[in-house]
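Before any comments, here is the structure.
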Protein chains: 2
Amino acid sequence: MSRQADAPGAFDIDADYKPLRDRVRDELRQRIIDDVYPAGTRLVETEIAAQLGVSRLPVREAIRALESEGFVKTIPRRGAVVVELSAQDVEELFDVREALEVLASQQAATRATKAELRRVRSILTRARKALDAGDHIALGKANEAFHDEILKLSHNTLLQALLEPLQGRLHWLLRQTGDPYDLFEEHSAWFEAIASGSAHLAAERAREHARLNREIVRKLLAERHRQTPSA
Amino acid sequence: MSRQADAPGAFDIDADYKPLRDRVRDELRQRIIDDVYPAGTRLVETEIAAQLGVSRLPVREAIRALESEGFVKTIPRRGAVVVELSAQDVEELFDVREALEVLASQQAATRATKAELRRVRSILTRARKALDAGDHIALGKANEAFHDEILKLSHNTLLQALLEPLQGRLHWLLRQTGDPYDLFEEHSAWFEAIASGSAHLAAERAREHARLNREIVRKLLAERHRQTPSA
DNA sequence: AGTGGGGATACTGTATACAGGATCCTAAGC
DNA sequence: GCTTAGGATCCTGTATACAGTATCCCCACT
C-alpha cells in the first residue's frame, strides 16, 4: 500500500517486503478471479502448499483471508471451498455496493484535489483508447482502475477497506459474464459530476451508475442461466 | 450464536464444536471491548498463548481475525497492537454506519415478518424496563441487541456480515464513553417506521438516528479529550 | 442386489521447533 | 554527558510433526 509513505528521505531497504501469506493470498485470489479455481473447487492446504513450494501455514492464513473477503467458505474440519455466487448473493452485493459507492461519490465530490481529479481523467482517457482499439482486456482493467480511484478520492480509509473486497467480487463476476460492457459514457458523466463538486449530483450519478450496472449483470446472468439450466 | 439452528430434528452431536481459533478470538475481542487491553496494548502471541494454555497458532489466527474486524493493526515482523480510534476513524465509522444502516432499515421495512417485528418489540420492552430500573448495563445490552435485530430484519446476509464488526467497534466506543444514553424514544420511533412498512420513512428514521448518535459520541469524545488533553 | 459396518485414507486442527529480523540495552568513543 | 556501534534478547515468520476426525471404499452379510 504505502511504500515509504512517511519519512521521505529515509532509507527503507526491503520496503517491498511482503509476508508469504500475503503473496499466497494474492496468488489464490487471482486464480479464483481467473477461474483457475471455479466455484465449488476445494482448496486443499497441502496441495496448494506443495504446488507453491511453501509450508501449509502461509496457505492456511491466505485461505482465512480469502474467507473474510468472501471468496471462499470454510466448514470446520472440512476445509475451504470456492463459493458459488447465488442470485441472492449478487443482489446483496449490488445493494451494498450502491449504498457505499454513493457515499464514496459524495465524499469524493467535496474532498478530491485537483491532482487526484487529473489522475482519474487520465484513466478515463486510457479507457477511451482501449475501447477504440477494441482491447477488451485493457478496457476491463481501466474500468476497474476507475472505480478504485473514485474510491480513493473519498479520502475515507474505512470505506475503501470495506468496498475493495466487494469490488473484487464484482470484477470476478463481470469477468465470468464475458466481455466488458461499454461504460465509457457512464463513467465520464459520473466523473464530471464528482469534479463539479456537487455532492448531491455526484450521489445521483453514482446511484444511477450502480443501478445500470446491476441491470447489465442481471441480464448476463439470466442469459448464462438459460444456456446452462442446471449447472 | 446459532446452536443447532437448522435441521431441528437432526442428531447433531457436538454441534457446539468451535475451533480454538474462534474461542480465542472471542476471548480477545471481549478483552479489548472490556478495556482489559486498552488501546496501544501489544498483543504478543507467545504471552497470550501461554496464558490461555494453547499454542501460538490459534492465537495467531485469532489476531488475524481481529485485524480484519478493525480492532488491531499488525505491522509485519512487529506484531499486533490494539488500535486507538482517532477522531477521523470515528467519523468514518459513522459515515459508513449511516449508509449501511439506512439500507438495512429500508430493507427491513419491506421484508420483516410479523414474528420478527414481535421479537424486536420485546427487546424494546426490555430496554424500557432496564431504563426504569436504572440498570445501565442491561440498557446498553438491550440497545445493542436492538441494533442487531434490526440488522437481521433486513434479510441481507452480506449487509449483516459487514455491519456486525462495525457495530462491535461502535459499542466498544460507546462503552468507553461511559453510561448509555437514553435512546428509548429514538429506537421506538425508528422501530415504528420499520413496522409501518414504508421504506422511505424507515430510511429517514435510520438516518436521523445515526446522526443523533454521531452527535452524542462527538460530544462525549470532546469532553473526554478536554479532560485528558494529551493522553 | 442392496445395505450396513469396518477399516484405510486424506485432510484439518494443533503443537513444537527453528530461523531471521527488530528492538533494546550496554559500553565505548567523542 | 551525549551519541553510536555492537551484541543479546525478544518476537514474529515459516517449517515440520503429530493427533484426531470426516470421508470413502470395499467387503461381508442379509
Side-chain angles (χ1 to χ4, degrees), chain A residues 1-7 9-28 31-32 37 40-68 71-83, chain B residues 3-4 6-7 10-28 31-32 37 40-68 71-83:
Chain A
M1 235 0 102
S2 65
R3 276 180 62 152
Q4 243 164 321
D6 32 23
F11 264 85
D12 204 352
I13 214 68
D14 97 316
D16 50 351
Y17 168 80
K18 244 184 165 183
L20 261 187
R21 59 171 174 274
D22 290 350
R23 281 181 284 176
V24 173
R25 165 173 52 74
D26 293 347
E27 174 64 25
L28 293 183
R31 289 187 183 184
I32 293 175
Y37 296 149
T41 306
R42 284 190 60 190
L43 298 183
V44 177
E45 296 175 4
T46 49
E47 243 175 53
I48 295 166
Q51 197 183 337
L52 298 181
V54 299
S55 85
R56 272 179 57 210
L57 273 151
V59 175
R60 204 178 159 73
E61 301 198 333
I63 288 176
R64 287 281 127 67
L66 292 176
E67 185 183 10
S68 86
F71 284 100
V72 306
K73 196 164 106 74
T74 80
I75 301 158
R77 294 202 202 103
R78 294 270 316 267
V81 175
V82 178
V83 298
Chain B
R3 277 180 64 154
Q4 242 161 323
D6 31 25
F11 264 84
D12 205 351
I13 215 66
D14 98 314
D16 50 353
Y17 167 80
K18 245 185 164 183
L20 262 187
R21 59 171 175 275
D22 290 350
R23 281 182 284 177
V24 173
R25 165 174 51 75
D26 293 346
E27 174 64 24
L28 293 182
R31 288 187 182 184
I32 293 173
Y37 297 149
T41 305
R42 283 189 61 191
L43 298 183
V44 178
E45 295 174 4
T46 50
E47 243 175 55
I48 295 166
Q51 197 183 338
L52 297 181
V54 299
S55 86
R56 274 179 57 210
L57 273 148
V59 176
R60 204 180 159 73
E61 301 197 334
I63 287 175
R64 287 280 126 67
L66 291 177
E67 186 183 10
S68 87
F71 284 101
V72 305
K73 195 164 106 74
T74 81
I75 302 158
R77 293 204 202 100
R78 294 269 317 266
V81 175
V82 178
V83 298

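Proteins get letters first, then strands, A, B, ... in listed order; numbering begins at 1 in each.
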At less than 4.0 Å, is any side-chain N or O atom of Arg64(A) found next to OP1 or OP2 of dG13(C)? Yes or no.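 So the side chain of Arg64(A) is within the cut-off, an N or O lying under 4.0 Å from OP1 or OP2 of dG13(C).
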Report yes if at least one side-chain N or O of Arg78(A) is closer than 4.0 Å to OP1 or OP2 of dC11(C); otherwise report no.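 Answer is no, no contact under 4.0 Å.
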Lys18(B) side, atom NZ; Arg23(B) side, atom CZ - distance, nearest 0.5 Å: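 Output value for this atom pair is 8.5 Å.
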Which whole-number value in Å describes the distance from [X] [atom1] to [N] [atom2]?
X        : N       : atom1 : atom2 : answer
Arg56(B) : dC11(D) : CZ    : C1'   : 7 Å
Glu61(A) : dG13(D) : CD    : C1'   : 9 Å
Glu45(A) : dA17(D) : CD    : P     : 17 Å

Contact class for [X] (heavy atom, under 4.0 Å): base, sugar-phosphate, or nothing?
X        : value
Leu57(A) : base
Arg21(B) : sugar-phosphate
Leu43(B) : sugar-phosphate
Ile75(B) : nothing
Arg60(A) : base

Which one of Val83(A), Leu43(A), Ile32(A) satisfies the side chain to side chain contact (heavy atoms under 4.5 Å, CB included) criterion with Phe71(A)?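 Single pass found, and it is Ile32(A).
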Looking at [options], which one has an atom nearest to any side-chain atom of [X]?
X        : options                   : answer
Val54(A) : dC18(C), dA15(D), dC11(C) : dA15(D)
Arg77(B) : dG13(D), dG13(C), dT14(D) : dG13(D)
Arg42(A) : dT14(D), dA17(D), dC11(C) : dC11(C)
Ser55(B) : dT16(C), dT12(C), dT14(D) : dT16(C)
Thr46(B) : dG13(C), dC11(D), dT16(C) : dC11(D)

Salt bridge Glu27(B)-Arg31(B), side-chain N to carboxylate O under 4.0 Å: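 Yes, charged N to carboxylate O under 4.0 Å.
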Between Ala62(B) and Val24(B), what is the shortest heavy-atom contact and its length?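 That closest heavy-atom pairing would be CB-CG1, 3.6 Å.
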